Amino acid sequence: TLRADFYHGPLLYADFGELIRTRTEIVLPLSASELEEAITGPAGRVGAVIEDGLVDQIVHDVREQPGALPLLQYALTELFERREGPMLTVAAYEEIGGTLGALARRAEEVFRRFNDASRQMTQQIFLRLVTLGEGQEDTRRRVLQNELMSLGDPRIVEDVLDRFGRYRLLTFDHDDITRTATVEVAHEALIRQWEPLCDWLNESREDLRLERRLLHAADEWNHFNRDRSYLLQGTRLEQFREWAQSTSLQLNEVEQTFLSASIDEHDAQVEAEKARQAREHALEQRNAKFLRALVAVMAVS
């Protein structure tokens, strides 16, 4: 299964591309009648009654919208929780902000209940949960929970994750290989619909690009048993050292350890070079004194 916006990747490989060319089944967005069935069918199976006009309104809102099904799924879940007896009402649908506003409205409600420290941590967490789209839309990113827990006070991080998870805005799983706990944005539509997140991304794009490069280098260093040859050096080190002092992004433990190790190694090399130059200078002075003494002796002789 391959998303349309990543379709070009396998086509770069001749044999794989040929398989895709000859054996492709395109899954199109649901038509209006199929959307209606996707709403009324599950509702009917659990005995829910839909108020007249509600289905038409929902179909009108989601049809031809990108990411329509995740938006629809979330809106219907919120709508079902606000039912009046068995009735799903237009008033409840408008209360949640409609299909397009349900995700963003719930995220904003959760966010506004936080204090300043938790709001700042929310920003740090969500920025790490997005993969920047270079020439295409931003997408969600699955992150190891321990990468997030080291961003600051673990109690604040855990509380933020718990509250957004409680409202199904974040999902939790485990890495397929290591079985380490992971977290990701539940619905990619949230990246497009929640205004604060859009603003954070627009303000931090260059910082995020540098942070991902730093994280990649740190992971590589860890993978090779923290071999010193994988530490940052020269211009790259100066770039990241200056950036770390000015960025508003919080580095996690791995990034901080890697950058500190690179700085310490650089400083050690500088001190070693200074010591070498001092020894050479002392040797030159001793040789100069010896030569002056030798000249004086020869002159007396």
Side-chain angles (χ1 to χ4, degrees), residues 3 5 27-116 118-119 122-123 125-127 129-130 137-140 159-172 183-203:
R3 273 174 39 164
D5 48 345
V27 181
L28 297 173
L30 299 186
S31 65
S33 61
E34 289 168 334
L35 282 170
E36 182 176 341
E37 184 181 349
I39 298 167
T40 58
R45 284 195 292 273
V46 295
V49 179
I50 303 177
E51 186 177 1
D52 290 343
L54 179 57
V55 172
D56 290 340
Q57 187 171 348
I58 295 174
V59 171
H60 177 269
D61 288 347
V62 302
R63 191 178 181 187
E64 299 179 358
Q65 286 291 335
L69 290 182
L71 289 170
L72 178 61
Q73 174 194 2
Y74 192 84
L76 290 176
T77 304
E78 292 278 300
L79 195 58
F80 187 74
E81 291 182 354
R82 286 171 168 78
R83 66 190 181 280
E84 298 175 8
M87 180 71 72
L88 306 183
T89 66
V90 174
Y93 181 70
E94 293 174 348
E95 180 187 340
I96 66 173
T99 304
L100 295 178
L103 272 172
R105 183 164 182 165
R106 177 63 79 182
E108 190 65 20
E109 287 176 1
V110 175
F111 183 68
R112 289 189 179 278
R113 295 194 193 112
F114 287 144
N115 58 26
D116 289 343
S118 294
R119 289 184 182 184
T122 299
Q123 179 178 354
I125 289 172
F126 271 88
L127 285 175
L129 294 174
V130 177
E137 285 190 334
D138 299 333
T139 55
R140 59 185 173 178
D159 181 57
V160 170
L161 295 179
D162 178 67
R163 293 207 208 180
F164 278 99
R166 199 180 306 160
Y167 290 103
R168 304 174 304 279
L169 297 168
L170 296 177
T171 58
F172 304 92
V183 59
E184 64 183 321
V185 174
H187 301 281
E188 215 158 66
L190 183 63
I191 300 173
R192 298 186 294 272
Q193 299 292 332
W194 190 26
E195 189 172 339
L197 180 53
C198 295
D199 292 340
W200 297 337
L201 288 168
N202 290 333
E203 293 166 2

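All values reported here derive from a predicted model rather than from experimental measurement.
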Partner residues of D199 under the salt bridge (charged side-chain N to carboxylate O under 4.0 Å, His left out) criterion, sequence neighbours left out: none
Results of salt bridge (charged side-chain N to carboxylate O under 4.0 Å, His left out) for E81 - residues two or more places apart only: R168
Listed once per pair and sorted, the salt bridge (Lys or Arg N to Asp or Glu O under 4.0 Å) pairs that draw on residues 91-104, sequence neighbours left out: R82-E95
Min side-chain heavy-atom separation E137-E188 under 4.5 Å: no
Nearest heavy atoms of C198 and R192, plus distance in Å: SG-O, 3.5 Å
Results of ring pair (Phe, Tyr, Trp, His ring centres under 6.0 Å) for Y74 - residues two or more places apart only: H187
With D162 via salt bridge (charged side-chain N to carboxylate O under 4.0 Å, His left out) - residues at least two apart: R166
Separation between OG1 of T89 and CD1 of I50, rounded to the nearest 0.5 Å: 11.5 Å
Within-4.5 Å side-chain heavy-atom neighbours: V49 and L88: no
Student check: side-chain heavy atoms of L129 and L170 closer than 4.5 Å: yes
Rounded distance (nearest 0.5 Å) linking atom CG of L54 with atom OG1 of T40: 11.0 Å
Nearest atoms (heavy-atom pairs only) where G47 meets P86: O-CB, 3.7 Å
Test side-chain contact (heavy atoms from CB on, under 4.5 Å) applied to I125 and V183, step by step: CA-CA 10 Å; I125 289 172; V183 59; over 6 Å; no
Which residues share a side-chain contact (heavy atoms from CB on, under 4.5 Å) with V46, sequence neighbours left out: A48, F80
Validation row: L30, L72 side chains within 4.5 angstrom (heavy atoms): no
L127 CG to T122 OG1 distance, which is reported to the nearest 0.5 Å: 10.5 Å
Least distance between heavy atoms, I191 atom then R140 atom: CD1-N, 3.6 Å
For D61, all residues meeting side-chain contact (heavy atoms from CB on, under 4.5 Å), sequence neighbours excluded: Q57, Y93, T99
For R106, salt bridge (charged side-chain N to carboxylate O under 4.0 Å, His left out) partners two or more places apart: E78, E109
Backbone of R112 reached by a side-chain donor or acceptor of R119 within 3.5 Å: yes
With sequence neighbours excluded, residues passing side-chain contact (heavy atoms from CB on, under 4.5 Å) with D52: none
Check: E51 side chain, V90 main-chain N or O, donor-acceptor pair, under 3.5 Å: yes
Inter- and intrachain pairs under salt bridge (Lys or Arg N to Asp or Glu O under 4.0 Å), touching residues 29-46, at least two apart: none
side-chain contact (heavy atoms from CB on, under 4.5 Å), paired with L71, selected from L76, L103, I58: L103
Candidate pair L197 and F111, rule side-chain contact (heavy atoms from CB on, under 4.5 Å), full reasoning: CA-CA 11 Å; L197 180 53; F111 183 68; over 6 Å; no
Counterpart residues, ring pair (Phe, Tyr, Trp, His ring centres under 6.0 Å), relative to F126 (two or more places apart): F164, W194
Within 6.0 Å of CG in D116, more than 12 heavy atoms from elsewhere: no
Contacts of T171 that satisfy side-chain contact (heavy atoms from CB on, under 4.5 Å) - sequence neighbours left out: E184, A186
